[in-house]
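Convention: sequence-line order gives letters A, B, ...; per-chain numbering from 1. These numbers were taken from a predicted model, which means no experiment stands behind them.
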Amino acid sequence: MSSYYALVDCNNFYVSCERVFRPALKHRPVVVLSNNDGCCVARSNEAKALGIPMGAPLHQWKEIIRKHRVTVFSSNYVLYGDMSSRVMNLLGEHAPRVEVYSIDEAFLEITGVPQEALRAYACRLRVRILQSVGIPVSIGLGETKTLAKVANRLAKKLPGSNGVLSLVGHPDKEALLDKLDVGEVWGVGSQYKRKLVQRKILTARDLMHVEPDWARQNMTVCGMRTVYELRGTKCIPIETVPPPKKAIACSRSFGQPVTELNSLREALSSYVGRAAEKLRGERLAAGAIQIYIATNPFLDNAPQYANAKTSSLPEASSYTPVLWEAASSLLDQLYKPGFVYKKVGVVLFGLVPENLIQLDCFITHRSTERERRLMMTLDNVNQRWGMGTLNYAASGLCQAWKMKRAHLSPSYTTSWAELLVVNAR
DNA sequence: TCTGGGGTCCTAGGACCC
DNA sequence: TCTGGGGTCCTAGGACCC
């Protein structure tokens, strides 16, 4: 029995999450902003129709937003994460093998469904998700993951597809591939698109007919795989268990410019705390730490400075004070006075499972059981009562560097205090 | 004048994804 | 005035070793 892939993709996911709890916003233009309320990272179809592009800086679109009464949300990742897991759980009930590909996408491996029944199968799944979670999705089906992705794009694009499109055994497969811009193919970004368009390779169909060797030379083995996958040869397997993480990062742009080392220190200490929390959540310890700082690259007239430094720890650790000590000393080495900073960040890598830490016999300080329990308590409190409930003193109290979140919706599904209230009169 | 070659590891940079 | 964040993978080139 042959197997096929389905790509299930939530439509305008962040916007759809907000709409579940604000149904009056259906058919209205809505955008969700990036961290710091900087740019639009999700748009409803109505907002797209107004011409607001992906990544549009908010300040450049103020006028349109006001004029058309676009509803604006700061991003509420706690809400989106919870809605995402509801969708993913449901998918798990309908397909034996699911790869959660991102917060709003999943690949399903489909076996035992005859070719001619694929569309109906996907349509039922779509209705089920809409009814149970309230999120509209699009589903694309194909013999390979790349083709499932293509089919998904087409399902969103072509009128009459009703959110579901199958390329499996489709008689007009090439004609359909010809409707998709080469830059929309999975694995083709802006650089490769430029190169391809120069050579008159304009659509997914053109790319399918490219010589694999040429693709390999000009787009690495990944490009070659894309060509084969478009032709229907499986090169990219489904990954039902996520591979172990190789890096954990945390960084933010500042809500307002920062020049003082002390403010950088406060911000960084809170990011290190957050990164370490993620680390412990995965039951990992970090063997190395990198810190980077940068000025605002968008300011043409301001002097620019960006730099990064890495140090490896004598022994892998997930104890925040140990990580902070290393981070703090790296920051001292990186900091140069006289610049206006926009961003600071931390990356933890050299990750190992916390029960497999290689011990260093010359180490002067090792995390004790007491310290491990301290971190556990800290994480529990912050998980239960919300991120940042318990903070390190090093993170400061006024936190002028903190990001902007002026349009935040409540955490409807994860906080008792913020449950939706319905009034009957 | 002649002056090896091959393998491995690490890193930086560049591409991609959502 | 205001422009996100968190990842992965591949490749080329240098360092180093025998």
Side-chain angles (χ1 to χ4, degrees), chain A residues 7-10 12-14 31-42 52-63 65 72-77 80-81 84 99-107 145-146 149 152-153 183-196 215-226 235-236 239 242-257 271 274-275 278-279 282 288 290 292 294-302 306-310 312 340 342-351 403-407:
Chain A
L7 179 71
V8 180
D9 182 316
C10 302
N12 314 329
F13 182 55
Y14 299 166
V31 297
V32 177
L33 304 176
S34 60
N35 275 329
N36 235 348
D37 294 349
C39 37
C40 304
V41 293
I52 303 174
M54 179 65 173
L58 181 65
H59 67 96
Q60 288 175 8
W61 292 82
K62 274 262 147 74
E63 203 42 41
I65 285 171
V72 176
F73 289 98
S74 300
S75 36
N76 182 347
Y77 289 106
Y80 312 150
S84 171
E99 173 184 343
V100 177
Y101 180 65
S102 75
I103 193 164
D104 68 336
E105 277 179 55
F107 287 100
K145 286 167 83 174
T146 304
K149 274 274 201 184
N152 187 284
R153 289 295 182 121
E184 292 197 57
V185 174
W186 191 37
V188 179
S190 58
Q191 297 306 304
Y192 289 163
K193 179 183 172 172
R194 203 158 43 88
K195 213 181 238 185
L196 290 165
R216 187 188 178 117
Q217 291 225 314
N218 291 275
M219 304 164 69
T220 80
V221 290
C222 303
M224 187 178 70
R225 279 188 206 126
T226 300
C235 304
I236 307 173
E239 287 177 8
K245 273 199 193 301
K246 301 193 165 158
I248 286 177
C250 185
S251 72
R252 294 284 179 275
S253 294
F254 302 131
Q256 37 183 289
Y271 307 157
R274 176 66 191 130
K278 290 193 216 173
L279 190 64
E282 305 265 342
Q290 179 179 71
Y292 59 92
T295 52
N296 187 345
F298 291 102
L299 297 181
D300 292 332
N301 302 323
N307 203 354
K309 270 195 187 297
T310 304
S312 51
V340 179
K342 180 64 180 168
K343 189 173 183 173
V344 58
V346 54
V347 187
L348 304 174
F349 53 99
L351 306 186
M403 63 178 181
K404 289 186 231 161
R405 290 179 94 183
H407 311 277

Novice: Send over the distance from A:E99 CD to C:dT8 P, rounded to a whole Å.
Specialist: 14 Å
Novice: For A:L299, which contact category applies under a 4.0 Å heavy-atom criterion: base, sugar-phosphate, or nothing?
Specialist: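 Sugar-phosphate: the residue A:L299, judged by heavy atoms under 4.0 Å, touches backbone atoms but no base.
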Novice: Whole angstroms only, please: what is the CH2-C1' distance between A:W186 and C:dC9?
Specialist: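 A:W186 atom CH2 is separated from C:dC9 atom C1' by 13 Å.
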Novice: Heavy atoms only: give me the nearest A:A275-A:C250 pair and the separation to one decimal.
Specialist: CB-CB, 4.1 Å
Novice: With DNA chain C as reference, determine whether A:V41 or A:I248 sits nearer its 5' end, using the nearest nucleotide of each.
Specialist: A:V41
Novice: Between atom CG in A:L348 and atom C1' in C:dT8, what is the gap in whole Å?
Specialist: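 Rounded to whole Å, this separation is 17 Å.
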Novice: Under 4.0 Å, heavy atoms only, any strand: does A:K246 hit a base, just the sugar-phosphate, or nothing?
Specialist: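 The residue A:K246 makes sugar-phosphate contact but no base contact.
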Novice: When we call it a touch if two heavy atoms are under 4.0 Å apart, what does A:K195 touch: a base, just sugar-phosphate, or nothing?
Specialist: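 Counting heavy atoms under 4.0 Å across all strands, no contact is made by A:K195.
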Novice: Considering Watson-Crick and G-U wobble pairs with both distances under 3.5 Å, what does C:dC18 pair with?
Specialist: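 Partner of C:dC18: B:dG5.
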Novice: One thing to verify: whether A:K145 and A:E239 come together as a salt bridge, which I'm taking to mean a side-chain N less than 4.0 angstrom from a carboxylate O.
Specialist: no
Novice: From OH of A:Y271 over to C1' of C:dG6, roughly how many Å is that when rounded to an integer?
Specialist: 14 Å
Novice: Do any N or O atoms from the side chain of A:S75 and from the backbone of A:L33 form a donor-acceptor pair under 3.5 angstrom?
Specialist: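 Side chain of A:S75 to backbone of A:L33: a pair is present.
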Novice: Between A:N296 and C:dT3, is there a side-chain N or O to OP1/OP2 distance below 4.0 Å?
Specialist: yes
Novice: If I take atom CZ in residue A:R274 and atom P in nucleotide C:dG7, what distance separates them, rounded to the nearest angstrom?
Specialist: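 My rounded result for the distance is 10 Å.
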Novice: Tell me which of A:Y14 and A:R216 sits closer to the 5' end of DNA chain C, going by the nucleotide each one is nearest to.
Specialist: A:Y14
Novice: Determine: side-chain N/O of A:K149 to OP1/OP2 of B:dC18, distance under 4.0 Å, yes or no.
Specialist: yes
Novice: A quick test of your reading: do over 12 heavy atoms of other residues, nucleotides or ligands sit less than 6.0 Å from CZ of A:R153?
Specialist: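 Not more than 12 within 6.0 Å, no.
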Novice: Take the protein atom NZ of A:K245 and the nucleotide atom P of C:dT8, then report the distance between them rounded to whole Å.
Specialist: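 That distance rounds to 7 Å.
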